[in-house]
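Reviewing the structure listed below.
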Amino acid sequence: MPKTAAPAPLAADPSRWKALVFIALAQLMVVLDATIVNIALPSAQTDLGISDGNRQWVITAYALAFGGLLLFGGRIADKWGRKNAFIVGLIGFALASALGGAANGEAMMLGARALQGAFGALLAPAALSLLAVMFTDAKERAKAFGIYGAIAGGGGAVGLILGGFLTEYLNWRWTFFVNIPFAIVAAAGAWMIIREPAGGRNRAPLDIPGVILSTTGLVALVYGFTRAEPAGWSDALTVTMFVASAVLLAAFVLVESRVKSPLLPLRVLLERNRGGVYLSLGLAVIAMFGLFLFLTYYLQVVKGFSPVKTGFAFLPMIAGMITGSTQIGARLMTRVAPRLLMGPGFLLAATGMLLLTQLEVGSSYPALILPAQLLLGLGMGTAFMPAMSLATHGVNPADAGVASAMVNTSQQVGGAIGTALLNTIAASATTAYLTDHAAAVAAGGPAAKLIQAQAMVEGYSSAIWWAVGILVASSTIALTLITTGRPGVGGPVASGDGAGADADVKIPVIAH
């Protein structure tokens, strides 16, 4: 394989660390938005007169647009230039947030959420691919992705704290307005600081059939899972969505294997190491999203925590993620193979999750929940950092945007699956427990209330057992599929994107 000479100037780019500040700020804004609105939803629903049947669309509208358009957004970033896509995404996200904060009815709110998702789908892959093309030195890349991984992993929990504060002390509308200063600062900084490397754009014509098939296929998949939670897995429309998604995505793969300039070159998806990252990361996010949901309800409904107190209760997990990502993952990534961080990291997170299967109505926060969160955060932070970095290593610079979009797609689809699948499991276990204790519930009184609380906790525990198994599976996949070695050590190359003429334009891979 010819030696790569082109990226040398990138290592000397004096603006790359300043650029990281604004890229990280934008990523924080997008990740915050995934959870901050959840806290504000009850208040917004009351003010805007949104029905119980339609309230899920405040979340679903964002998820559908974001998940469905990610691949398209990634390829647009490759074509337009990542800096341009990044700035446009930030401006659009800010305008959509302003629209949501000013919403005077259901239609305006749902439209704003869909627009946020669409611009988020442009912004998120542009941010990650900018890191991929700006940081090519192994040690610097590890530090940069350590920061990015900590934000990607812990930002959702930060959103719970911020959402609680804004909703309780100001107004739910500020959970939207708060995005505006984030976006303005990040866009201004990007405009002045970011210098995108030359020669990395993909000038090929846009694959319109691929755009249509991937977008509709992903929308059907995400909608199927979000609908499965309230309507059931056997619901006719739910089943139809899953079948349609399978057909559309199969057609997408067929089209991508035949067109000259595919939206998603299959070499990006099928390369063993990146495929292992996408799969293991998607599975891990299933477990994480389920935990956020159950722990939030447990703390607020069963333990009686306020929204602000609930947000602060997640701080140990945030601290663990930041520590795992920046102090463990970033420091060890240049010394050990990525799978030796990802595999044990997911296992450590599974251990924390295993502690939470012991939840009871009277469980102590300091004795059980706090140590479980620390283990979970440390494990996920340690695993997320090399995963984020490896997912974009070894790709042709012209494919960096769509490779980054696949990281976000695996997380978005994983989040939709996690919320629907684990919530369904929890609901079934809760119903079974209530059925077994129907006589005591019918009698009423304090005993009935206690049984209802115990039924909820029984449901959470059952679902968390599944999350433990999912994290173990994620660890197994990482240890099995990811074979690349540490920098400077011979071994499998972290790229399957071809060789020969293309090899001299690739970002340097992890193992040479």
Side-chain angles (χ1 to χ4, degrees), residues 4 6-27 29-30 66 69-96 118-136 141 144-145 148 183-208 210-211 214-215 261-265 268 388 391-409 497 502 504-508:
T4 307
L10 301 182
D13 183 354
S15 69
R16 63 194 181 283
W17 290 109
K18 293 178 183 177
L20 175 62
V21 173
F22 301 108
I23 294 170
L25 186 64
Q27 173 66 9
M29 181 187 71
V30 172
F66 190 80
L69 293 171
L70 270 168
L71 288 177
F72 181 46
R75 184 52 87 197
I76 288 295
D78 288 333
K79 286 182 67 65
W80 280 3
R82 294 158 197 90
K83 176 180 175 178
N84 294 336
F86 184 72
I87 293 172
V88 170
L90 281 166
I91 294 171
F93 200 93
L95 292 174
F119 284 107
L122 180 63
L123 171 61
L128 184 57
S129 58
L130 276 172
L131 286 189
V133 299
M134 293 185 76
F135 289 89
T136 56
R141 186 181 178 92
F145 276 90
Y148 189 91
I184 290 173
V185 172
W191 179 262
M192 294 185 291
I193 299 296
I194 292 178
R195 299 289 181 267
E196 186 177 353
R201 293 194 188 184
N202 188 328
R203 303 291 186 179
L206 191 61
D207 171 22
I208 299 299
V211 170
S214 67
T215 301
S261 303
L263 174 70
L264 174 61
V268 172
M388 291 289 184
T392 51
H393 248 314
V395 296
N396 187 309
D399 293 333
V402 77
S404 302
M406 275 304 302
V407 179
N408 290 283
T409 300
D497 295 356
D502 289 338
D504 59 346
V505 295
K506 291 177 184 172
I507 301 168

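Just so you know, these numbers come straight off a predicted model, no measurement behind them.
For Val21, there are no side-chain contact (heavy atoms from CB on, under 4.5 Å) partners two or more places apart in sequence or in a different chain. For Ile184, the side-chain contact (heavy atoms from CB on, under 4.5 Å) partners two or more places apart in sequence, or in a different chain, are Ile180. In terms of the ring pair (Phe, Tyr, Trp, His ring centres under 6.0 Å) criterion, Phe86 has no residue partners (sequence neighbours excluded).
Of all the heavy atoms in Pro125 and Gly73, the pair that sits closest is CG-C, 4.1 Å. Considering every non-hydrogen atom in both Leu71 and Ser214, the closest pair reads CD1-CB, 4.0 Å. Across Phe119 and Phe93, no two heavy atoms sit closer than the pair CB-N, 3.7 Å.
How far CD1 of Ile193 is from CH2 of Trp17: 15.0 Å, rounded to the nearest 0.5 Å. The distance from atom CG of Leu70 to atom CG of Leu123, rounded to the nearest 0.5 Å, is 10.5 Å. Atom-to-atom distance recorded for Leu20:CG and Leu130:CG is 11.0 Å, nearest 0.5 angstrom. With rounding to the nearest 0.5 Å, the separation of CH2 in Trp191 from CD1 in Ile91 is 9.0 Å.
Under the 4.5 Å side-chain criterion, counting only non-hydrogen atoms from C-beta, Phe66 is in contact with Val30.
Checking Thr215, Leu122, Val211 one by one against Leu69, the side chain to side chain contact (heavy atoms under 4.5 Å, CB included) holds for a single residue, Thr215.
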